[in-house]
**Q** 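I'd like to ask you about the structure that follows.
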Amino acid sequence: MLRPSFASGTLIALCLAVAGCTTADPTVYSGLASAPQLRPNTQDQTGRTPYRYKGPVDWRSYSKIIVDPVSVYGGPDSQFVKIADADKSLLAAYMQQQFVEKLRTRFAIATIPGPGTLRLHLTLTGAKTTTPVLGPFTHIDVGGGVYNTVQSARGREGSMTGSVNYAVELYDASTNRLLLAYVTKQYPNALNIGASFSSLEASKVGIRKGAEALLAEIQ
């Protein structure tokens, strides 16, 4: 039988070496309408939002927003890791609900293009579930706690924990001019043990964080 300290060390070594511990950083997904405009985001040091575009815009001139139904990306460069189609649909519906809920605190939700109206298109491009058993274990195990503490300080994802990748494309609804676009990966703080007990909870936490981040940017 492995001694606890040896088992912990072995587990952490595996987390550092095995690609399944974390998901790949988002890429410029070829099927996105905004792909030609996306550029490396030199301000991002975490890999969370590696590509973005922002045009000249005064967010204060907008008071309404149309939120398109969330798309599930089907391109060959998608980053879904063993996610069932039903779970993709569930996450897309949850993303729709969370972004609408958050954005309605700043904008009136509209359905028809017009002056002072934004149009938001979200595309779910990837997701990874929390690894059963190992996900919670790495949050309570001594060795796993050390690894996740380091990850938390770096702003990176915890070991064996789920995440979500998606694209944001924000347009002027009247002219269809692209105002803001980026691809991002969102996930819970590496020390958030509560997000590790359900296979999709970490992805849902990431979606909620992403909705808050978008609202903060376009206030």
**Q** Is it the case that one hydrophobic cluster holds both Val168 and Tyr171, taking links as side-chain heavy atoms less than 4.5 Å apart, direct or via other members?
**A**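 Different clusters.
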**Q** Can you give me every donor-acceptor pair (side chain of residues 95-103, partner residue at least two apart or in another chain, under 3.5 Å) with its distance?
**A**
{"unit_1": "Gln96", "atom_1": "OE1", "unit_2": "Val70", "atom_2": "N", "d": "2.9"}
{"unit_1": "Gln96", "atom_1": "NE2", "unit_2": "Val67", "atom_2": "O", "d": "3.4"}
{"unit_1": "Gln97", "atom_1": "NE2", "unit_2": "Glu101", "atom_2": "OE1", "d": "2.7"}

**Q** Starting at CG of Leu179, measure out to CD1 of Ile218 and round the result to the nearest 0.5 Å.
**A**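 Rounded to the nearest 0.5 Å, the CG-CD1 separation comes out at 9.5 Å.
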**Q** Restricting to side chain to side chain donor-acceptor pair (under 3.5 Å), what partner residues turn up for Ser61, sequence neighbours left out?
**A**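 With sequence neighbours excluded, Ser61 shows a side chain to side chain donor-acceptor pair (under 3.5 Å) to no residue whatsoever.
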**Q** Which residues satisfy the side chain to side chain donor-acceptor pair (under 3.5 Å) test with Thr175, sequence neighbours excluded?
**A**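 With sequence neighbours excluded, Thr175 shows a side chain to side chain donor-acceptor pair (under 3.5 Å) to Asp172, given in chain and number order.
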**Q** I need the minimum non-hydrogen distance between Val183 and Pro26, along with the two atoms involved.
**A**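 Closest heavy-atom pair between Val183 and Pro26: CG2-CB, 3.8 Å.
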**Q** Could you pull out all residues at least two apart from Lys88 that satisfy side chain to side chain contact (heavy atoms under 4.5 Å, CB included)?
**A**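 Result, side chain to side chain contact (heavy atoms under 4.5 Å, CB included) vs Lys88: Val72, Phe80, Ile83, Asp85.
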**Q** Assess whether side chain to side chain contact (heavy atoms under 4.5 Å, CB included) is satisfied between Asp68 and Leu122, documenting all intermediate values.
**A** CA-CA 7 Å; Asp68 292 343; Leu122 298 165; over 6 Å; no
**Q** Quick one: side chain to side chain contact (heavy atoms under 4.5 Å, CB included) partners of Gln219, sequence neighbours excluded?
**A**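 Expected list: Arg106, Leu215.
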**Q** Side chain to side chain contact (heavy atoms under 4.5 Å, CB included) with Ala173: which residues, sequence neighbours excluded?
**A**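 Testing Ala173 for side chain to side chain contact (heavy atoms under 4.5 Å, CB included), a comparison that skips the adjacent residues, returns Ile66, Pro113, Thr117, Arg119.
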**Q** Restricting to non-hydrogen atoms, name the atom on Asn165 and the atom on Leu124 that form the minimum distance, rounded to 0.1 Å.
**A**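 Smallest interatomic distance, heavy atoms only, reads O-CD1, 3.6 Å.
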**Q** Taking side chain to side chain contact (heavy atoms under 4.5 Å, CB included) as the definition, give me every residue that meets it alongside Ala35, ordered by chain and number, with sequence neighbours left out.
**A**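 Testing Ala35 for side chain to side chain contact (heavy atoms under 4.5 Å, CB included), a comparison that skips the adjacent residues, returns Val28, Leu32.
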**Q** In the single-linkage hydrophobic clustering (I, L, V, M, F, W, Y; side-chain heavy atoms under 4.5 Å), do Leu38 and Leu180 co-cluster?
**A**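 Hydrophobic grouping puts Leu38 apart from Leu180.
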**Q** Drop me the distance from Leu170's CG to Leu118's CG, to the nearest 0.5 angstrom.
**A**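 Nearest 0.5 Å value for the CG-CG distance: 5.0 Å.
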**Q** Tell me the closest heavy-atom pair linking Gln79 and Thr27, and the distance in Å.
**A**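 Scanning both residues completely, I find the closest heavy atoms to be OE1-N, 4.2 Å.
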**Q** Tell me whether the guanidinium CZ or amine NZ of Arg208 lies under 6.0 angstrom from the six-membered ring centre of Tyr94 and within 45° of its axis.
**A**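 The answer is no, since Arg208 fails at least one limit relative to Tyr94.
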**Q** Quick check: closest heavy atoms across Pro188 and Gly162, and the distance to 0.1 Å?
**A**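 For Pro188 versus Gly162, the nearest heavy atoms are CD-O, 3.9 Å.
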**Q** If I take atom OG1 from residue Thr111 and atom CD1 from residue Ile65, how far apart are they, to the nearest 0.5 angstrom?
**A**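 Here the interatomic distance stands at 13.0 Å.
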**Q** Could you tell me which non-hydrogen atom of Lys185 sits nearest to which non-hydrogen atom of Ser163, and how far apart they are?
**A**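 Closest heavy-atom pair between Lys185 and Ser163: CD-OG, 4.1 Å.
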**Q** Any ring pair (Phe, Tyr, Trp, His ring centres under 6.0 Å) pairs touching residues 25-60, not counting sequence neighbours?
**A**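 Sorted result for residues 25-60: Tyr29-Tyr73.
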**Q** Is there a side chain to side chain contact (heavy atoms under 4.5 Å, CB included) between Arg48 and Tyr187? Walk through the geometry before answering.
**A** CA-CA 9 Å; Arg48 192 189 296 267; Tyr187 41 82; 3.5 Å; yes
**Q** Among residues two or more places apart or on two chains, list those pairs meeting salt bridge (Lys or Arg N to Asp or Glu O under 4.0 Å) that have a residue in residues 29-46.
**A**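 Non-adjacent pairs meeting salt bridge (Lys or Arg N to Asp or Glu O under 4.0 Å): zero.
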**Q** Do Ile207 and Gln186 have side-chain heavy atoms sitting under 4.5 Å apart?
**A**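 A side-chain contact under 4.5 Å is absent here.
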**Q** Of all the heavy-atom pairs spanning Phe107 and Lys64, show the shortest one and how long it is.
**A**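 Closest approach of Phe107 to Lys64: CD2-N, 3.9 Å.
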**Q** Name all residues meeting the side chain to side chain donor-acceptor pair (under 3.5 Å) criterion together with Ser34; count only those two or more places apart in sequence or in a different chain, and write none if there are none.
**A**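 Per chain and number, Ser34 pairs via side chain to side chain donor-acceptor pair (under 3.5 Å) with Glu169.
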**Q** Please test Tyr62 against Val57 for side chain to side chain contact (heavy atoms under 4.5 Å, CB included), starting from the C-alpha separation and ending with a verdict.
**A** CA-CA 10 Å; Tyr62 295 93; Val57 57; 3.9 Å; yes
**Q** Mind checking what makes side chain to side chain donor-acceptor pair (under 3.5 Å) contact with Ser71, not counting sequence neighbours?
**A**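 With sequence neighbours excluded, Ser71 shows a side chain to side chain donor-acceptor pair (under 3.5 Å) to His121, given in chain and number order.
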**Q** Roughly how far, to the nearest 0.5 Å, is NZ of Lys209 from OG1 of Thr184?
**A**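 Taking OG1 in Thr184 and NZ in Lys209, the distance rounds to 9.5 Å.
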